[in-house]
Amino acid sequence: MPPKRSRASVAHSSDPGVEPSSKKVKTDSTSTVWTKDSISKLNYDELRQALKDFGENPGPISDSTKPMYERLLLKRQQEDLAGQKAELATTTSAASFSSSLSPPAQVRRSPAAGQHSTLSPSSRTPAREAATQSGGLGSPWSRPAASPASSSSSSFSSASSSFVSAPKQRTSTVSGGAYARKAAKPAITAQDTRGLVAATYTPLTTSGDIHLPVIDQYADFLVDGGVSGVFVNGSTGEGVKFSVDERKDLLEKWIGAASGRLSVFAHVGAESIKDAQEMAIHAAEVGAHAIAVIAPTMFKPRTAEHMVDYCAAVALAAPNVPLYYYHITGLTGCQFSIEDFLDLAVRIPSFAGVKYSDADLALFGACRYHSDQTLHMMYGKDEQMLAALVMGAETFVGSTYTLYPKLYHAIAKAFHAGHLEEARELQLFSWKVVKLLLRFGGIIPAGRCLLEHVGVPVGPPRVPDRAPDAANAKLMIQELKSIGFAKWM
C-alpha cells in the first residue's frame with residue numbers, strides 16, 4: 001500500500017497535554033485519526049484520498065454520495081483499528097510484536113482510549129492490487145480471484161474491505177444473539193452461477209423478530225438439495241417489510257452460513273434511494289456476490305430511463321459489485337419496456353443482468369439475446385421452468401426451489417436428456433403443488449408451513465401476512481402427501 005499523505009489528526013480530551021478541540025492537529029506524519037466531525041469537513045479530493053489510504057477505490061463523489069463515503073471512511077478506520085488490535089492479541093506481548101515488524105510499524109492514536117498502540121500497516125490482496133491498477137475489475141462484472149494469503153478478507157475490489165484480520169464478533173440487535181461476521185470466499189462469480197437459486201424465506205420468531213440461528217440449518221438444507229445460490233431479502237423473504245439494519249443482519253448471517261458453498265445475491269432495493277445505497281455499500285463490505293434492485297412501488301419510475309437512473313445511483317455506491325435489475329411487474333406495477341431498459345442499462349459498468357420474474361417468455365427470450373448474450377438472465381417463474389429451459393434459461397431464482405429443489409433438478413435432467421414427456425409431467429406436478437400452496441394462503445404463508453414440515457423452522461410471516469392455522473396447515477400437508485409430494489421432500 002502506498003504511504004499515506006501527511007495529515008492532521010483530531011485531538012481528544014483524554015490526550016495528555018492537549019486541550020479539547022474539534023480541530024485537527026498533527027500526531028504522526030503517516031497517521032490520522034478521523035472523527036465524524038473532521039470527516040465532514042473534507043472536500044471531495046481529500047475524502048477520496050483518505051479512502052484510498054484505507055485501500056478503497058471510491059466511485060464518483062458528489063453531494064448525494066459524500067455522506068455514504070464519509071460513513072465508509074469512519075467504518076474503515078474502526079475496522080482497521082479493531083483488526084490490528086486482534087492481531088496484537090495473538091502475540092505474546094505488544095513489545096515483541098512491535099520489534100518483529102519490518103519495516104517499523106506505524107504508531108496511531110486510538111480515539112477510544114487516547115493511548116498509543118503499535119499497528120502494522122493495512123495491506124492489499126494481490127487480486128485487489130491488480131483490480132486497482134487496471135482501473136477497476138477485469139470486466140464490468142468479473143470478480144477477482146481470492147488470494148490464499150488473505151483468507152479472512154473480502155475478494156471484492158474497491159467497494160469492499162481488504163484488511164487481513166481475524167473475523168470480528170458482532171452483537172445482533174435482534175433475537176439470535178452474537179454471531180461471527182464472515183466474509184464470503186466465493187469460488188465462482190455471480191454470472192457463473194447456474195441451476196437453482198433459492199429465494200430465501202426470512203426466519204422469524206412468533207413475535208415477528210428475525211431469528212438468525214436458523215439460517216445455518218437453512219443453508220445446510222439448501223446445499224444438501226443441490227441449490228447453487230440464495231437470493232436474500234427479496235419478495236419471498238419479505239425484504240421490504242424489514243428495516244435496513246435487519247436486512248444487513250440477515251445478509252451478514254447468510255454470507256457466513258453460505259461459507260462459499262452458495263452464491264449470495266443481496267436484494268437492496270428500497271423506496272428510499274439512500275437506504276438502497278447504504279445497503280449496497282454494506283453488501284460490498286461483507287462480500288455479497290451481487291446486488292439486485294426492484295423498482296420503487298410508491299413513486300414508480302414512469303419510463304425505462306427513470307429506472308436506469310435509479311439503478312445507476314445504486315451502482316455508484318458499490319461500483320465493483322455486479323448489479324441485477326429485479327423485474328417483477330406483478331408486484332411493482334411498472335409498465336416500462338424491459339427492452340428499452342436494457343438498451344440504456346448497459347451504460348452502467350457494473351450492470352450484470354436481470355432477475356426476470358414475468359410470465360412473458362417471448363420477451364424473456366428477446367432479453368436473453370440482448371447485447372449478444374453478454375447479460376446474465378435469471379428466470380423467476382418456477383411454474384414455467386420447463387418453458388424457460390426451451391428459451392435458453394440456465395439460472396432459475398424462485399421460492400419453491402427452497403421448498404422442493406429435487407423436483408426441479410428432475411425437470412432439468414429430463415429436459416437435457418431429451419425426455420420431454422417426463423419433463424412435462426414433472427412441470428405439471430410442480431404447478432399442482434403451487435396451486436395447492438396458493439389455496440392455503442399463498443407462497444409465502446403456506447410455503448413457510450411446508451418448510452417447517454421438512455425441518456427448517458422459519459416461523460410465521462411478518463404482518464400483515466398471516467400463517468395458516470394449525471388445522472389448515474395439517475390439512476395442507478395431508479393433501480400434498482395425497483398427490484405424491486412425499487417423493488420430493
Inset, instruction - For A345, check side-chain contact (heavy atoms from CB on, under 4.5 Å) against everything at least two apart and list the hits. - result: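 Per chain and number, A345 pairs via side-chain contact (heavy atoms from CB on, under 4.5 Å) with V308, F341, F351.
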
Inset, instruction - Quick one: list whatever passes side-chain contact (heavy atoms from CB on, under 4.5 Å) with E421, sequence neighbours left out. - result: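 E421 satisfies side-chain contact (heavy atoms from CB on, under 4.5 Å) with R424, E425 once adjacent residues are dropped.
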
Legend entry - ring pair (Phe, Tyr, Trp, His ring centres under 6.0 Å) involving Y324 - partner list, sequence neighbours excluded: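 Y324 satisfies ring pair (Phe, Tyr, Trp, His ring centres under 6.0 Å) with F265, H376 once adjacent residues are dropped.
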
Inset, instruction - Applying ring pair (Phe, Tyr, Trp, His ring centres under 6.0 Å), name anything that partners Y379, two or more places apart in sequence or on another chain. - result: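 Once residues adjacent in sequence are excluded, the partners of Y379 under the ring pair (Phe, Tyr, Trp, His ring centres under 6.0 Å) criterion are F364.
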
Legend entry - Pairs involving residues 220-249, ordered by first then second residue, that meet ring-ring contact (aromatic ring centres under 6.0 Å, His included) (sequence neighbours left out):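 For residues 220-249, and leaving out neighbouring residues, the ring-ring contact (aromatic ring centres under 6.0 Å, His included) pairs sorted by first residue read F231-Y326.
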
Legend entry - Stepwise side-chain contact (heavy atoms from CB on, under 4.5 Å) test for D220 and R261: CA-CA 9 Å; D220 290 342; R261 301 174 297 169; 2.9 Å; yes

Legend entry - side-chain contact (heavy atoms from CB on, under 4.5 Å) evaluation trace for H267 with K355: CA-CA 11 Å; H267 175 241; K355 178 186 182 293; over 6 Å; no

Inset, instruction - Apply side-chain contact (heavy atoms from CB on, under 4.5 Å) to V197 and V227, showing your working. - result: CA-CA 6 Å; V197 175; V227 170; 5.7 Å; no

Legend entry - side-chain hydrogen bond (donor to acceptor under 3.5 Å, both in side chains) contacts touching residues 432-442 (sequence neighbours left out):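 Counting only pairs at least two positions apart or across chains, the side-chain hydrogen bond (donor to acceptor under 3.5 Å, both in side chains) contacts touching residues 432-442 are R439-E479.
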
Legend entry - Donor-acceptor side-chain pairing of S430 and Y404 below 3.5 angstrom: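 No.
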
Inset, instruction - Could you tell me whether K241 and E246 have a side-chain N and a carboxylate O separated by less than 4.0 Å? - result: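 Result for this pair is no, no salt bridge flagged.
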
Inset, instruction - Assess whether atom NZ of K300 is packed by more than 12 heavy atoms of other residues, nucleotides or ligands within 6.0 Å. - result: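 More than 12 within 6.0 Å, yes.
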
Legend entry - Expected output: side-chain Q427 to main-chain E383 donor-acceptor under 3.5 Å: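 Pair found, side chain donor or acceptor close to backbone of E383.
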
